[in-house]
Every structure is written in structure tokens, then in C-alpha cells.
Enquirer: 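Just dropping this structure here.
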Amino acid sequence: MTMTDPAQSDFTKLSAVLPRKLHVIGGLPPYAEAVEFDLFLDEQYRPLLSIESTSIDLAYVVVDPTFVFRNYAPVVAAADLQEVGLQPGDERLLLTIVNLSRGVENATTNLAGPLLVNPKTGNAKQIVPSNAQTFSCRQPLLSAVPQETH
Amino acid sequence: MLVLKRRAGETLMLGDSIEIRVLRVDGDSVSIGIVAPQNIAIVRAELLQEIRAETASAAAPARSAIQSLSARLNANAAIQKPEKIS
């Protein structure tokens, strides 16, 4: 009899497909000048990842939002897919920026402005999904109610 | 800034492919219909500003806070998603 941890398994899968360098088209306004980022996965910070600019002193924590919000389903415009080199139906990754500036208890993630990532090339872009009005820019992470149970 | 007066039902064009129609005017609220190619993103400006402000305030988190949040998220996941037994 073996026991598996779905969260760990998700992170391991993510770790296998995530590129370690991101080219963020248009940067992350207001820091539009920073477009090249190193991506770090550290098992001790699972499920959180970090991205660090290679040109200026700028770093973010990001997360695969489906770790917490299983049913998160932003509608991505074809033009955004095309911009990062993806076709509809291609494997894509979405990461959302975590905001810890209000303290850990009030940590939020920005579901309205996710990063769309092409896992094969590392090309990425912060997008506004067509259904962004249904998501919050400050979605609490710790009070999240699971949308799917195992 | 170009300023144009339009009445309800009237339209204006941006280039050849973007049509903006004033559908209804109700006090200080205006309903606008937009016809544009799929590759043109149409976003409420305040949402874009909110996303940018949120992105700016999320920069440079402390490592201790990251570790603490990671632990809390994993604890939550353990409670919310019971381990499968196979």
C-alpha cells in the first residue's frame, strides 16, 4: 500500500515541464524593461516558485493557480497564444503572481493577470483573460475553499 | 485627445476594422458596443491599472514570508485533499 500526495505530484509534474528561463514579452508593467527572468523551483517552497529578473533587481513569487483553485479556467485570447508561440490546443502553462506585501495571512494571487507561458520556449506574457472580470486581482490564498476534492 | 460628439445609435470607426457604437446613454453611464478583430484586446482601463498596481506591490517578497506561505499552503492542501491510498 502506498500513499501519494497530490500536491507534491502536481509540483513534480510542473517542475518537469517548466522552462528555467522566461522571456516575458512586454515585461511586467510597471517594470516593462525587465523581460528576461530566471525561474527557480525549490522543493522546500513548494508550491511556490520564484522568478528573478536577469537585468534589474526585481523578483516575484508565482504559483500554478490550479494548485489552490482547481477550477481556475481563464479564457486566453488566440492573439495571446500566438504571441508566445502557441497554437490553440498546445500545452500551455499559467502562473499567477503572489502578493505577500500585506503579510502571509493576507497573501493573495492575481488571477485576473496571469502569466501565460510557452513551456517549450520559455516565452511568456502577462495576459488579461477574456473572462478576467470574473477573477480577482487579490484572490486570498489561505482562505481558498477547495473546488475539487480527491 | 480627439473629442467627438456622438448620439445613441451612432458609430465611429478606428481604422478599417474597429467599430464603436454608442448603444445607450443613461445619465452619466454610456453603453458602448465594440466590433473588433479577435487579436485586438479590449480591456477596461481600470482593470489594467489594478493589475499593474498589484504586480508592482507584489515585487521583492521576503524569503521568510515565502517559506511561511509555502508551509501554510501545504498544510491546507493536506487538510483539503486527503491522501489517496492505492
Side-chain angles (χ1 to χ4, degrees), chain A residues 1-10 28-31 42 44-48 50 57-63 67-68 70 77-80 82-83 97-105 107-110 112-113 126-128 130 132-133 136-138 141-146 148-150, chain B residues 13-21 23-24 26 29-86:
Chain A
M1 187 187 299
T2 57
M3 299 177 100
T4 59
D5 176 348
Q8 184 163 20
S9 144
D10 287 352
L28 294 170
Y31 307 111
D42 188 333
Q44 70 170 318
Y45 298 133
R46 172 172 66 90
L48 304 173
S50 63
D57 186 14
L58 181 67
Y60 290 99
V61 171
V62 295
V63 68
F67 180 86
V68 183
R70 291 269 152 188
D80 288 330
Q82 199 174 7
E83 205 164 348
I97 295 174
V98 173
N99 192 337
L100 281 154
S101 66
R102 302 174 198 94
V104 172
E105 289 301 322
T108 59
T109 195
N110 184 352
Q126 187 174 31
I127 62 164
V128 182
S130 309
Q133 72 280 0
S136 173
C137 288
R138 287 180 288 278
L141 276 168
L142 291 177
S143 60
V145 174
E148 178 184 304
T149 52
H150 293 267
Chain B
M13 297 294 296
L14 303 184
D16 294 332
S17 58
I18 302 175
E19 179 185 331
I20 298 176
R21 181 183 295 266
L23 299 175
R24 193 169 56 246
D26 184 11
S29 171
V30 180
S31 298
I32 295 170
I34 302 167
V35 180
Q38 279 198 328
N39 63 340
I40 301 290
I42 300 169
V43 181
R44 287 184 294 118
E46 59 270 28
L47 175 61
L48 212 50
Q49 285 160 5
E50 202 181 343
I51 289 172
R52 289 179 177 187
E54 195 57 23
T55 302
S57 73
R63 197 160 289 276
S64 58
I66 302 171
Q67 198 151 22
S68 175
L69 178 61
S70 163
R72 292 288 306 277
L73 286 171
N74 284 304
N76 277 8
I79 293 166
Q80 293 169 355
K81 294 185 283 186
E83 291 174 332
K84 283 179 183 171
I85 299 173
S86 56

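Hydrogens, waters and symmetry mates play no part in the numbers below; they use all other heavy atoms, side chains included. Since the model is a prediction, treat every value here as computed from it, not as a measurement. Letters A, B, ... are given to chains in the order of the sequence lines, protein chains preceding strands, and every chain is numbered from 1.
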Enquirer: Quick one: which of B:Ala71, B:Ala59, B:Ala62, B:Ala60 has the most heavy-atom pairs under 4.5 Å with chain A, could you say?
Expert: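 Among B:Ala71, B:Ala59, B:Ala62, B:Ala60, the one with the most close pairs to chain A is B:Ala59.
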Enquirer: Just how far is it from atom CD1 of A:Ile97 to atom CD1 of B:Ile51, taken to the nearest 0.5 Å?
Expert: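 Going from CD1 on A:Ile97 over to CD1 on B:Ile51, the span is 9.5 Å.
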Enquirer: Using side-chain heavy atoms (C-beta onward) and a distance below 4.5 Å, is B:Asn76 in contact with A:Val68?
Expert: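 Sidechains of A:Val68 and B:Asn76: no contact.
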Enquirer: Looking only at atom types and distance, does a side-chain atom of A:Asn110 sit under 3.5 Å from a main-chain N or O of B:Glu54, one as donor and one as acceptor?
Expert: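 No, A:Asn110 side chain to B:Glu54 backbone: no donor-acceptor pair under 3.5 Å.
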Enquirer: Taking atom CZ as the centre, does A:Arg102 end up with more than 12 heavy-atom neighbours from other residues, nucleotides or ligands that are less than 6.0 angstrom away?
Expert: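 Count over threshold, so yes.
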Enquirer: CG/A:Leu100 to CZ/B:Arg63 distance, rounded to the nearest 0.5 angstrom?
Expert: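 Spacing of CG (A:Leu100) from CZ (B:Arg63) equals 12.5 Å.
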Enquirer: What residue in A:Ala132, A:Ala77, A:Ser50, A:Ala112 has the most heavy-atom pairs under 4.5 Å with chain B?
Expert: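 With the most close heavy-atom pairs to chain B, the winner is A:Ala112.
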Enquirer: Heavy-atom pairs under 4.5 Å with chain B are the metric here; pick the option from A:Ala78, A:Gly103, A:Pro29, A:Pro47 that has the most.
Expert: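 Between A:Ala78, A:Gly103, A:Pro29, A:Pro47, the count favours A:Pro29.
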Enquirer: Is there a side-chain contact between B:Asn74 and A:Tyr45 (heavy atoms, below 4.5 Å)?
Expert: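 No. Closest side-chain heavy atoms not under 4.5 Å.
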Enquirer: Shorter than 4.5 Å, heavy atoms on both sides: which option in A:Asp42, A:Asp57, A:Val61 has the most such pairs with chain B?
Expert: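 It is A:Val61.
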Enquirer: Quick check for you: to the nearest 0.5 Å, what is the distance between A:Ser130 atom OG and B:Ile42 atom CD1?
Expert: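 Reported to 0.5 Å precision, the distance equals 9.5 Å.
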Enquirer: Using non-hydrogen atoms only, which part of A:Glu83 is less than 4.5 Å away from chain B: side chain, backbone, both, or neither?
Expert: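 For A:Glu83, no heavy atom lies under 4.5 Å from chain B.
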Enquirer: If you count the non-hydrogen atoms of other residues, nucleotides and ligands that lie under 6.0 Å from CD in A:Gln133, is the total more than 12?
Expert: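 Yes, because the 6.0 Å sphere around CD of A:Gln133 holds more than 12 heavy atoms from other groups.
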Enquirer: Rounded to the nearest 0.5 Å, how far does CZ of A:Arg138 lie from CD of B:Glu50?
Expert: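 Interatomic distance, B:Glu50 CD to A:Arg138 CZ, rounded to 0.5 Å: 4.5 Å.
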Enquirer: Ignoring hydrogens and angles, state whether a donor on the side chain of B:Ser70 or A:Gln44 is under 3.5 Å from an acceptor on the partner side chain.
Expert: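 Per modelled atom types, B:Ser70 and A:Gln44 side chains form no pair under 3.5 Å.
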Enquirer: In terms of heavy-atom proximity below 4.5 Å to chain A, should B:Leu48 be classed as side chain, backbone, both, or neither?
Expert: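 Side chain of B:Leu48 only, per the 4.5 Å heavy-atom cut-off to chain A.
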Enquirer: Just verifying a value: how many Å separate A:Leu48 CG and B:Ile66 CD1, rounded to the nearest 0.5 Å?
Expert: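 One finds 7.5 Å between CG of A:Leu48 and CD1 of B:Ile66.
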Enquirer: Is A:Gln126 in contact with chain B via its backbone, its side chain, both, or neither, using a 4.5 Å heavy-atom distance?
Expert: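 For A:Gln126, the contact with chain B is made by the side chain alone.
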Enquirer: Closest heavy-atom contact between B:Ala65 and A:Val104?
Expert: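 Smallest interatomic distance, heavy atoms only, reads O-CG2, 3.7 Å.
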Enquirer: A side-chain contact here means heavy atoms from C-beta on lying under 4.5 Å apart; do A:Asn99 and B:Ser57 qualify?
Expert: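 Sidechains of B:Ser57 and A:Asn99: in contact.
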Enquirer: Is there side-chain contact between A:Tyr60 and B:Thr55, with at least one heavy-atom pair below 4.5 Å?
Expert: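 Counting from C-beta outward, A:Tyr60 and B:Thr55 do come under 4.5 Å.
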Enquirer: Look at A:Cys137, A:Ala79, A:Ser101 and state which one has the largest set of heavy-atom pairs under 4.5 Å with chain B.
Expert: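 Looking at each option in turn, the highest pair count goes to A:Cys137.
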